Amino acid sequence: TQLLEQSPQFLSIQEGENLTVYCNSSSVFSSLQWYRQEPGEGPVLLVTVVTGGEVKKLKRLTFQFGDARKDSSLHITAAQPGDTGLYLCAGAGSGGSNYKLTFGKGTLLTVNP
Amino acid sequence: DAGVIQSPRHEVTEMGQEVTLRCKPISGHNSLFWYRQTMMRGLELLIYFNNNVPIDDSGMPEDRFSAKMPNASFSTLKIQPSEPRDSAVYFCASSLAVLGRNEQFFGPGTRLTVL
């Protein structure tokens, strides 16, 4: 069974601060996705990383996929209240199981004005 | 474009009653997923359809749960009889599985409460 551990589980910071959240596993994934979920809504895809060592930037968000494709991080620069939400990472299986996403339990981020 | 549509958004029912959740995937998507989200277990895949055919139902908890996809634009998840431990948010997601990519688009979810 593939498991994804996300840390920290909860994070409360002030507007303007930087933060990093982590997604770790002992399993190798063919790709890894990050989603943000707001209360009462479904998760929304932010990014997909595929290649080990890959770094993708989305405005103030920087996503990195570990070299061994087992872990990932999300760094937010100068956080804003609009960044508040549950951040979920999800790893995809390989080959015929690539449809199957294993989700972590998420990091609940609160950015206070 | 309309995203994934789910109904109802909220459902409150009593133990033993039948519950039917509905989903309309994004037009043109060939894969559909049903998930359940709880605080304790996070997001769990219940069943996966590809081209309207159930491919993986290993996540369906027990025989009380069933899912159908009669055509490319509609799917249902049924719980009969419902139990309090089924209380959760149920999400439907769809994707276009092309060249190994699996980027899923989620609906707003149905919050189910079984009393």
Side-chain angles (χ1 to χ4, degrees), chain A residues 1-10 21 23-25 27-51 54 56 58 63 65 69 72 85-108, chain B residues 2-10 21 23-26 29-51 53-60 88-112:
Chain A
T1 302
Q2 296 179 314
L3 292 174
L4 274 170
E5 299 287 340
Q6 289 192 245
S7 61
Q9 191 175 355
F10 301 97
V21 298
C23 174
N24 295 294
S25 176
S27 302
V28 176
F29 294 101
S30 62
S31 66
L32 195 136
Q33 299 173 11
W34 284 92
Y35 292 80
R36 181 170 66 213
Q37 184 178 17
E38 298 186 14
E41 299 296 330
V44 175
L45 180 67
L46 296 174
V47 78
T48 301
V49 285
V50 179
T51 306
E54 182 176 4
K56 278 193 174 178
L58 187 67
F63 304 85
F65 201 12
R69 305 207 319 275
S72 182
L86 179 67
Y87 287 82
L88 296 161
C89 65
S94 56
S97 297
N98 74 322
Y99 65 86
K100 198 159 192 170
L101 293 180
T102 300
F103 280 85
K105 291 186 179 179
T107 293
L108 185 60
Chain B
V4 175
I5 299 172
Q6 290 187 249
S7 64
R9 291 294 310 271
H10 302 272
L21 311 181
C23 174
K24 177 178 169 57
I26 292 173
H29 281 189
N30 60 359
S31 297
L32 184 139
F33 308 80
W34 282 100
Y35 289 90
R36 177 171 66 179
Q37 186 176 40
T38 61
M39 289 289 292
M40 288 294 294
R41 302 174 67 91
L43 262 171
E44 301 175 283
L45 177 65
L46 300 177
I47 189 167
Y48 158 59
F49 291 87
N50 183 257
N51 292 323
V53 177
I55 303 299
D56 182 353
D57 65 355
S58 59
M60 295 286 263
V89 182
Y90 290 80
F91 288 102
C92 175
S94 70
S95 73
L96 179 60
V98 175
L99 297 177
R101 297 184 71 87
N102 180 20
E103 295 164 341
Q104 300 182 15
F105 296 83
F106 284 77
T110 295
R111 180 172 294 276
L112 174 65

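Residue numbers start from 1 in every chain, and the chains themselves are labelled A, B, ... in the order their sequence lines are given, proteins ahead of strands. As the structure is a computational prediction, the values presented were derived from the model and not from experiment.
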Considering residues, nucleotides and ligands other than Arg9(B), do more than 12 of their heavy atoms fall under 6.0 Å from its CZ?
-> yes

So how far is it from Gln33(A) CD to Gln104(B) CD, rounded to the nearest 0.5 Å?
-> 6.5 Å

Part of Ser58(B) within contact of chain A (heavy atom distance under 4.5 Å) | side chain

Segment of Arg111(B) engaging chain A (4.5 angstrom heavy-atom cut-off) = neither

Nearest-0.5 Å distance, CZ of residue Phe106(B) to OH of residue Tyr35(A) = 5.0 Å

Roughly how far apart are Asn50(B) CG and Tyr99(A) OH, rounded to 0.5 Å?
-> 10.0 Å

Enter the distance from Glu103(B):CD to Leu101(A):CG here, rounded to the nearest 0.5 Å.
-> 10.0 Å

Heavy atoms of Met40(B) and Lys105(A) approach each other most closely as O-NZ, 2.6 Å

When heavy-atom pairs shorter than 4.5 Å are enumerated against chain A, which of Leu45(B), Val89(B), Asp56(B), Ile55(B) gives the highest number?
-> Asp56(B)

Proximity breakdown for Tyr35(B) and chain A, heavy-atom pairs closer than 4.5 Å = side chain

The salt bridge (Lys or Arg N to Asp or Glu O under 4.0 Å) partners of Asp57(B) (sequence neighbours excluded) come to none

Sequence neighbours excluded, which residues qualify as salt bridge (Lys or Arg N to Asp or Glu O under 4.0 Å) partners of Arg36(B)?
-> Glu44(B)

